[in-house]
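Following: one structure in structure tokens, then a few remarks.
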Amino acid sequence: MRVTIPDHVVFRTFVEETVVLNLETGTYHGLNRTAGRMLELLGELGELDSVTGRIVEETGEDPSRVATDLQAFCDSLAEKRLIEVVTGS
Amino acid sequence: MDPTEGDCALGLRFRGDSLPGLVGGVEEPLPSVTVDLASEAVLGERWGRADGRVIFSRDYHDGRPFLRIEHDPALGYRVWADRHGTHLIAADGRHCSAAVPDPGWRGLKLLASQVMPLATTLHGREVMHAAGVVVEGHLIGIVAASGTGKSSTACRLIAGGASFFADDVLALEIHDAGVRAHPGPRLANVHEADLAAIPEPGRRRLGPPLGQSDKVHLSPPGFPSSMRLDALVFLSRRARAGATEVASLDDVGRRLLGNAFLSYLDPPERLTRQLEVASVIARSVSLISVEIGADDDPGVVARRIEEWVGQAL
């Protein structure tokens, strides 16, 4: 699966959190460090498999657990319209 | 036109008719706002054809209107407050028509708390709800919930030798990988008891009184230049017993964004700028929490901040 971060979403990383701003709704969302890194990699790499691979490299976590967590995270972001799932690729 | 002609506040140079509370002697180039003073009736006629939408309002406890801010995409903004005045601010922030029935503290308070912050925001600055003082050459912003002691702490610092920079609003812009702040107008508001507790000659440093409401309104000397913001102090009351405590912060993003000012201005470019300024502050400004001990007065809090500045900056 591939995702993109739409133009109406901007985010900045702070010391302990990442703040995501939905410009369409004016709503801020706070992410912890791990989730912030996931979002950063989703913006950079797009493909969930690639993002999973990078996180496993960086953290040494179990790949299947990372994949499950990442999928759940993406579902949550997509529900809030903070990412878009690219279909047909 | 002389680029340094006209007195200033919050990073704007006001030309034309005179407004109260402005700071003279500012030599840096700043965007200008032309001012014309008019009667309420004239402003009413000018705004009468507007399709104004109320975007912010506050009422007295008995329900009577106290403050209204309206927006019309073509004409700009109308800021009205009971007995404080009416102002029409152009959509680009370059012109202000002002009816100031009370040129004393009331007129200045509306200018300082709403009109000037709105105008500087329209010029691309970000505004933060914070007092500002210059301690030993360092600009310190003080952020606190209403009633916590922001103004009284700032006044104590000024009485002890710091310079007044802003009472309630800092105008900010990103500059050289840091954040630059512009000084506010010459208005400080402090509770009478807190003012009375400040010994002379320090009290004189706060300037002459302009009047009194629930607070005493003073006219301190204006600060004549913008400054790099060196530190933000987040004041709060301790939930448990103990002395005033200084600590580092771990929820920076939310705290910074939570203290942005003029929340009714929410076009995407402004929200993006808010986030960007908050991000630069988090990287470039020292951020501390000061929890005020139950038995500590503003003098104690001011001394702890002075000690921290001496050690950390």
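Everything quoted here is computed from the prediction, not taken from an experiment. Letters A, B, ... are given to chains in the order of the sequence lines, protein chains preceding strands, and every chain is numbered from 1.
B/Thr272 OG1 to A/Arg12 CZ: the interatomic distance, rounded to the nearest 0.5 Å, is 7.5 Å. For the atom pair CZ of A/Phe14 and CD1 of B/Ile281, the computed distance is 8.5 Å after rounding to the nearest 0.5 Å.
Crowding of A/Asp7 atom CG: a count of heavy atoms from other residues, nucleotides or ligands under 6.0 Å not exceeding 12. The 12-atom threshold is not exceeded at CZ of B/Arg58, counting heavy atoms of other residues, nucleotides or ligands nearer than 6.0 Å. Remark: B/Arg94 CZ is loosely packed, at most 12 non-hydrogen atoms of other residues, nucleotides or ligands lying under 6.0 Å away. Counting non-hydrogen atoms of neighbouring residues, nucleotides and ligands closer than 6.0 angstrom, the CZ atom of A/Arg65 reaches no more than 12 such neighbours.
Here the closest heavy-atom approach between residue B/Leu275 and residue A/Tyr28 is recorded as CD1-CE2, 4.5 Å.
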